[in-house]
**Q** 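Got a structure for you, questions after.
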Amino acid sequence: MRHLFRLTDWTPDDVHRLLDRAEALAAGGATADLSGTFAANLFFEPSTRTRFSFEVAEKRLGMHVLNVTPEASSVKKGETLYDTLKTLEAIGVSVAVVRHPEEGYYEGLGEGLGLSVINAGDGCGHHPTQTLIDLYTIRREFGTLKDVTVAIIGDLRHSRVARSNAEMLVKMGACVVLSGPPEWRDPDFPGEYVAIDEAVRCADVVNLLRIQLERHNGGEDELVADYHRAYGLTAARAHLMKPGAIIMHPAPVNRGVEIADVLVEAPNARIFAQMQAGPFVRMAVLEWAFKRERVAKSWACC
Ligand code: CP
């Protein structure tokens, strides 16, 4: 079984192969037969899209699904994440999908585990399956990732989606520009910081981010109150977008904050298309976790 903690080690070919497989599944291609296997979903932070699209993906692959509620598990009695996962492995679980507030919770976790751990988001760290969804959405739109200009805008420092996306977009040959409040910049991100209007004007993809209020220490009330005018995609600012440019957001969306309410479902918005891609991308990830030997027949197409 293979772990997916972050995409850093993936090559562009690895990514394209996964996206090809997700496209084949979205087009109605036969799935690998994972019937009789067990998946466990452990979400230590709230989630709607990731949790339920993983559950849909697991069920479409014929897996039995266990939804572990951390508050009702022996984690509350002090059991470590490693021992919880080891326990799930011992009772027959093959894949654990884990969201956790601690950045890098998976460091050192994988070695002793026979089950596959798929990172569904770690603190401000990484969100690899959201990034695969975003790459899928961009590739479907433009037929390529190469030389597509993606403006990642907003709360960069606290966003695991932004970190994963920026790293992988650069690796895939896209051009990344960054914008948002100076207070929320992160010097480790690849890409040039530009003013918000310039970011919106130059982008093929305007990739907005949610303000991660739950990861802030407070004291930013004024910045948040003025955010829509200063850094949001307002209706007026959207007029600066190039013809053919699209709007993306990993969601949940704060309507009227990162993006004007009227733009969320605009013809050039792909926010719900990103969500539609979720189960197919996650099915491909689950198949990948089982290694090629078990699913070789299904992956032969790509
Ligand atoms: N995009 C995303 O991770 O959404 P959820 O927090 O609802 O899973």
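Both ligands and their constituent atoms are indexed starting at 1 by order of listing.
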**Q** Do the non-hydrogen side-chain atoms of Tyr82 and Leu113 ever get within less than 4.5 Å of each other?
**A** yes

**Q** If hydrogens are left out, which of Ser47, Gly278, Pro46 has an atom nearest to atom 5 (P) of ligand 1, that is, the closest non-hydrogen atom?
**A** Ser47

**Q** What do you reckon, is CD of Glu214 surrounded by more than 12 foreign heavy atoms closer than 6.0 Å?
**A** yes

**Q** Tell me: protein heavy atom nearest atom 4 (O) of ligand 1, and distance?
**A** Arg49 NE, 3.0 Å

**Q** Anything under 30° is parallel, anything over 60° is perpendicular, the rest tilted; go ahead and classify Trp184 against His216.
**A** perpendicular

**Q** List the steps and the verdict of side chain to side chain contact (heavy atoms under 4.5 Å, CB included) for Glu258 and Leu209.
**A** CA-CA 7 Å; Glu258 301 100 34; Leu209 304 169; 6.0 Å; no

**Q** Under 3.5 Å, N or O to N or O, is Pro252 touching ligand 1 that way?
**A** no

**Q** Atom 6 (O) of ligand 1: which protein heavy atom is closest, and how many Å away?
**A** Arg99 NH1, 2.8 Å

**Q** Looking at ligand 1, would Glu45 count as a contact under a 4.0 Å heavy-atom criterion?
**A** no

**Q** Under 4.0 Å, heavy atoms only, figure out whether ligand 1 is touched by the backbone of Ala251, its side chain, both or neither.
**A** backbone

**Q** Suppose I only count heavy atoms of Pro250 and a 4.0 Å limit; which atoms of ligand 1 are within that range?
**A** 1 (N)

**Q** Ignoring hydrogens, what is the shortest heavy-atom contact between Ala120 and Phe43? Give both atom names and the distance.
**A** CB-CZ, 3.8 Å

**Q** Using a strict 4.0 Å cut-off to heavy atoms of Thr50, name the atoms of ligand 1 that fall inside it.
**A** 2 (C), 3 (O), 4 (O), 5 (P), 8 (O)

**Q** Do we see a donor-acceptor contact under 3.5 Å between the side chains of Thr137 and Arg270?
**A** no

**Q** Taking the side chain as every heavy atom from C-beta outward, state whether Leu169 and Ile138 have any pair of such atoms under 4.5 Å apart.
**A** yes

**Q** How far is atom 7 (O) of ligand 1 from the closest protein heavy atom, and which atom is that?
**A** Thr48 N, 2.8 Å

